[in-house]
Every structure is written in structure tokens, then in C-alpha cells.
Amino acid sequence: MRRALLLGREPPVSLAYGYVDEAPYEAVVVGSLELGELLHFREERVLSALAQGLPVVLYTPGLPTPGKNRALAASLAAAQRELKSWGVVFTDGSQRRLITAEQARLLRQEGKQPGPGAVLTPLAREILEG
């Protein structure tokens, strides 16, 4: 099982990772965030993982909700869009398979494409399109 650095609470569903709290790890899983953490996201370990091309997975049921405040809802949505633009993969724990750069290289060598519903990290997408 692949090792992932877990930030926040552990998701109640399996995301196919064994969780660790220090290096070495092959991915980062963000299990939960507080309102302020999402609005001003600058978690160094996540940013470093993204810079290294490691997959970063955010468990969406662990995200805060804005309640009835529309302005806050808009800010939270903008924060989520920013994370997605950085390459953070959002998941609700459904069985869609996450394809990492390493897996994409293997698929490409074998002349195969990822299965339906697969979620590609940005680097994996680039490898398969290249």
C-alpha cells in the first residue's frame, strides 16, 4: 500500500493509502480543513509535495461549509478553485482511481489509457498527452 502524509482528520473511507506523519511518503492526503485553513491555504508540506509532482488528494466531505453566508460561500468556492488549479485532486472517497505520474508512465509504456472515471494528477495528464 502506498504511503501518504495525512493532514487533518483521517477520512472514514479508504483512499487506498497507508497514512504516515513523516517522510518518506508518496502522496499527501488532506482529510479535513477548518474555515481559516481553507480560506488562507498555505500548508508548506502540501505546497512542497505539489512542487515535487507528488499527488495531493483532498477529501471533500472534510471541507468546511459556509452556512447561510453567501459572501463566505463565494470565498470558499474561490479557495477551492485555487487548490484545483494548483493540481490538488478532490475526492469524496468514491471508487474512482487516482492515476499518478508513475502510473501514467507505465500506462504509456504499455500503450494503454486509464479506465473510465479515473482521476489524473496534472503531471499524469501531461505525461499521457505528451
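Quick caveat, the model's predicted, so the values are computed rather than measured.
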**Complete:** So the side-chain hydrogen bond (donor to acceptor under 3.5 Å, both in side chains) pairs with at least one residue in residues 41-70 (sequence neighbours excluded) are E43-R45, E44-S48
**Message:** Nearest 0.5 Å, please: how far is CD in E10 from CG in L15?
**Reply:** 9.0 Å
**Item:** Rounded distance [0.5 Å steps], CG in L39 versus CG in L35
**Value:** 6.0 Å
**Validation row: V30, V57 side chains within 4.5 angstrom (heavy atoms)** = no
**Prompt:** Which heavy-atom pair separates A101 from A124 by the least distance, and what is that distance?
**Reply:** N-CB, 3.9 Å
**Message:** Give me the atom names and distance for the closest heavy-atom approach of P61 to D92.
**Reply:** CD-CA, 3.9 Å
**Complete:** Rounding to 0.5 Å, atoms CD (E22) and CG (L5) come to a distance of 9.5 Å
**Prompt:** If every non-hydrogen atom of G87 is compared with every non-hydrogen atom of P122, which pair is closest and at what distance?
**Reply:** CA-CG, 3.3 Å
**Message:** Are L128 and L106 linked, directly or through intermediate hydrophobic residues, by side-chain heavy-atom contacts shorter than 4.5 Å (ILVMFWY only)?
**Reply:** no
**Request:** Nearest 0.5 Å please: distance from the CD atom of Q80 over to the CG atom of L76.
**Result:** 6.5 Å
**Message:** Would you compute the distance between atom OH of Y25 and atom CG of L6 and round it to the nearest 0.5 angstrom?
**Reply:** 12.0 Å
**Prompt:** What are the two closest heavy atoms between W86 and L50, and how far apart are they?
**Reply:** O-CD2, 3.8 Å
**Prompt:** Can any side-chain N or O of R108 pair as donor or acceptor with the backbone N or O of G130 at less than 3.5 Å?
**Reply:** yes
**Request:** Calculate, to the nearest 0.5 Å, the distance between atoms OG1 and CG belonging to T91 and L58 respectively.
**Result:** 9.5 Å
**Request:** State which residues pass side chain to side chain contact (heavy atoms under 4.5 Å, CB included) with R2; sequence neighbours excluded, sorted by chain then number.
**Result:** Y17, E26, T100, Q103
**Asked** So do the side chains of V89 and P55 get within less than 4.5 Å of each other, counting heavy atoms only?
**Response** no
**Asked** Do L123 and L54 share a hydrophobic cluster, counting only Ile, Leu, Val, Met, Phe, Trp and Tyr and linking them when any side-chain heavy atoms are less than 4.5 Å apart?
**Response** no
**Prompt:** Is it true that a side-chain atom of E37 and a backbone atom of E34 form a donor plus acceptor pair closer than 3.5 Å?
**Reply:** yes
**Prompt:** Can you name the nearest heavy-atom pair linking V29 to P11, along with the distance?
**Reply:** CG1-CG, 4.3 Å
**Within one Ile-Leu-Val-Met-Phe-Trp-Tyr cluster: V56 and I127, side-chain cutoff 4.5 Å** = no
**Fill in**
In terms of heavy-atom contacts, L83 and F41 come closest through CD2-CD2, 3.5 Å
